[in-house]
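Within every chain, numbering begins at 1; the chains are lettered A, B, ... in the order of the sequence lines, protein sequences first and strands thereafter.
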Amino acid sequence: MSARRIPASQDPVRPRPSAEITVTLDGERYGGLEGQTLAGVLLGSGRLSWRTTSVAGSPRGVFCGIGVCFDCIAEVNGERDVRLCQRRAADGDELRTQHDALPVPVEDEDPPTATSDGAGS
Amino acid sequence: MTGGTPVGVLVIGAGPAGLAAAEAALDAGARVTLLDASDATGGQYWRHLPEERAGEHEARLHHGFARYERLRDRVVGDAACTVLLGSAVWSVERSAAAGSGFTVNVATGRVDAARAAMSALEPEAIVLATGAHDRTLPFPGWELPGVFTGGAAQALAKGERVRVGERVVVAGAGPFLLPVAESVAESGARVIEVVEANRLGRIVRGWAPKPWRLLGARAKVGELVGYVSGFLRHRIPYRMGAAVVAAHGTDRVEAVTIARLDTDWRPIPGTERRVAVDAVCVSHDFTPRLELAIAAGCALDERRFVVVDDSQETTVPHVFAAGEITGIGGVDLAMAEGAVAGAAAAGRTPSRNAVRRRRVFSDFAGRISAAHGIRSGWHHWLHDDTIVCRCEEVGYGRLCSTAASTDAEGLRSLKLSTRAGLGICQGRICGRTVEELLVAASPGDRFLDSVSTDRRPIVAPQRLGDLASLGDGPESP
Ligand SMILES: Cc1cc2nc3c(=O)[nH]c(=O)nc-3n(C[C@H](O)[C@H](O)[C@H](O)COP(=O)(O)OP(=O)(O)OC[C@H]3O[C@@H](n4cnc5c(N)ncnc54)[C@H](O)[C@@H]3O)c2cc1C
Ligand code: FES
């Protein structure tokens with residue numbers, strides 16, 4: 001088995017009911033709740049990974065969960081490099097898995113290129 | 001960019017330290033701007049469900065949640081306080097601005113979306129309260145899906161009500177493993193065991209000296225006792241002197257190897273055992289988020305925390321620091337430091353109560369590192385093909401052979417030739433580990449160019465289009 005969202009009926013925290021939403025990842029549908037992050041929706045549906053790495057082509061999903069590691073990035077509604085653990089899900093969000101050629105090194109004195117501009121690609 | 005907005009005391013980070021700083025500055029009569037990259041206040045400690053799903057019994061997941069709610073209501077409800085959420089500070093630069101002499105550049109908007117609203121603030125004084133993130137040491141297989149940091153497990157349990165797996169091992173070092181295990185168990189997973197690298201002897205020696213000093217920190221001790229009773233309730237074994245030395249699986253983690261460690265954290269051959277899991281949560285320490293402090297020119301101590309004086313002022317006038325960036329000491333210390341910093345930033349003498357609390361809890365920081373700090377024997381659980389830099393997928397063998405074959409003595413050139421630490425996370429995850437391993441593999445014991453991996457001129461990722469638009473004059477509405 002795998003990661004799962006705690007069913008509201010069994011949750012001692014009693015979260016306020018919020019609207020059900022659906023997002024797609026490469027066309028496949030995943031159900032979640034308003035207020036979840038996109039990573040929360042995917043993990044909560046049992047999906048553990050959604051990116052393949054540049055060198056080894058190995059799968060990645062959430063690692064740090066707080067926006068630091070960038071393992072969880074994917075394309076969201078046409079914009080690349082979105083950290084799914086930080087982005088709140090909106091009903092109808094369309095996600096695509098990302099597989100990139102090796103990224104350009106970021107060096108101390110170089111201009112900032114931590115993410116590329118989705119609009120430019 | 002010129003013509004920023006003048007603000008009074010600017011508090012960067014709305015975790016325990018930042019909230020306490022904002023409160024103290026407001027109490028002192030200052031105008032305050034409190035901002036956080038996240039769309040909620042509370043920081044890592046009080047991460048909670050979003051408003052849409054607010055939990056009726058959310059306090060169950062937290063220690064001192066009522067304290068958070070009171071602090072939040074006090075700060076957010078004050079007309080003299082502007083709260084900017086979803087607002088990441090991406091750079092701090094010296095400028096001709098009055099007051100602190102710094103311009104603070106902020107991007108507000110949906111996370112990683114183009115067309116963020118860019119603004120520039122010119123504060124009278126700055127309180128840096130940017131916190132820390134988990135430091136997880138590499139081990140074979142740590143890149144497999146299903147391997148999480150302890151912080152991720154916390155964030156998912158508290159902020160999403162998602163449990164990371166059904167059979168979970170929690171491992172690493174330090175008291176932080178306790179709340180991680182508790183929230184994983186509370187989320188309905190079975191915590192098979194908690195594995196702490198240090199042995200009982202060191203933990204006792206680290207925590208025990210001058211025990212009367214802990215008296216002032218009874219609440220903290222009570223919190224620890226709470227975890228122990230939770231462990232008993234959930235029947236979670238707590239093993240000391242052991243570590244997860246490998247994770248196994250092809251597309252996801254299916255098992256881990258746990259080995260006993262000697263006192264220096266070196267795995268003891270023949271003690272390995274394999275445990276089936278579907279998730280493992282590993283944290284060995286915390287790394288302070290120092291980018292803004294470094295950009296502002298604040299000095300760091302030899303352990304690489306921000307140096308502050310009695311009023312929490314850094315070596316740069318008008319720039320104060322509080323919370324985990326000045327040392328890893330837990331929530332109470334973070335709040336006491338915040339209260340001192342906020343008052344001082346507003347030009348007032350900090351309250352004696354805050355100064356006393358800071359003294360009581362600063363004791364904790366020293367005990368934590370004496371009892372749980374990382375020991376170098378962990379290098380021995382690495383193999384040549386163990387990935388060290390997750391972004392660039394640089395293996396330990398390549399790192400060592402490059403370090404040995406080049407006579408490069410600078411971190412910068414070693415990074416360029418190995419590519420380690422140059423990926424999209426900008427070395428946040430592996431930076432300190434890469435430095436430590438390169439030092440161990442190089443002839444000298446110190447990098448001549450002293451370029452630290454903590455230095456990142458751009459703090460938060462910005463889309464090139466958004467940066468380019470800054471040159472286009474005033475923003476269109
Ligand atoms: C994921 C995680 C979970 C934790 N859970 C626990 C726990 O359960 N129990 C425990 O005892 N300790 C926990 N800790 C340790 C915890 O860090 C401290 O106890 C406490 O939260 C420290 O408070 P702080 O205010 O210094 O930092 P934080 O709480 O980390 O707050 C810092 C804030 O600054 C913001 N920030 C950082 N950089 C920027 C920027 N450039 N622009 C805008 N905002 C920025 C961050 O978004 C964050 O909200 C956790 C740590 C982590 C990383
Ligand atoms: S999981 Fe690390 S950035 Fe999202």
Best-contacting candidate, [options], against chain A by heavy atom pairs under 4.5 angstrom:
{"options": "B/Gly55, B/Pro145, B/Cys425, B/Pro50", "answer": "B/Pro145"}
{"options": "B/Gln44, B/Glu52, B/Glu160", "answer": "B/Glu160"}
{"options": "B/Gln154, B/Arg60, B/Glu186", "answer": "B/Arg60"}
{"options": "B/Ala155, B/Gly151, B/Gly150, B/Ala54", "answer": "B/Ala54"}
{"options": "B/Asp134, B/Asp251, B/Thr250", "answer": "B/Asp251"}
{"options": "B/Ser283, B/Ala113, B/Gly188", "answer": "B/Ala113"}

### Task
Please name the pair of heavy atoms, one in B/Ala152 and one in A/Val62, separated by the smallest distance, quoted to 0.1 Å.
CB-CG1, 4.3 Å

### Task
Show your reasoning for whether side chain to side chain contact (heavy atoms under 4.5 Å, CB included) applies to A/Gln36 and B/Val162.
CA-CA 10 Å; A/Gln36 284 193 287; B/Val162 164; 4.0 Å; yes

### Message
Can you list everything that forms a side chain to side chain donor-acceptor pair (under 3.5 Å) with B/His234? Sequence neighbours excluded, please.
### Response
none

### Query
Who pairs with B/Asp285 by side chain to side chain donor-acceptor pair (under 3.5 Å), at least two apart in sequence or on another chain?
none

### Query
Is it true that a side-chain atom of B/Glu393 and a backbone atom of A/Ala56 form a donor plus acceptor pair closer than 3.5 Å?
yes

### Query
Taking A/Arg87 for the side chain and B/Val111 for the main chain, is one N or O donor matched with an acceptor at less than 3.5 Å?
yes

### Message
To the closest 0.5 Å, what do you measure between CG (B/Leu144) and CG (A/Leu48)?
### Response
9.5 Å

### Task
Find the distance between CG (B/Leu49) and CG (A/Asp11) and round it off to the nearest 0.5 Å.
7.5 Å

For residues 63-76 of chain A, please give each side-chain donor-acceptor pair under 3.5 Å, one per line with the distance, not counting sequence neighbours.
unit_1  : atom_1 : unit_2   : atom_2 : d
A/Asp71 : OD1    : A/Arg51  : NH2    : 3.1
A/Asp71 : OD1    : A/Arg60  : NH1    : 3.0
A/Asp71 : OD2    : B/Arg390 : NE     : 3.2
A/Asp71 : OD2    : B/Arg390 : NH2    : 2.5

### Task
Considering only heavy atoms, give the residues of residues 20-31 of chain A separated from chain B by less than 4.5 Å, sorted numerically, with 'none' for an empty result.
none

### B/Arg167 versus chain A, the contacting section by heavy-atom distance below 4.5 Å
neither

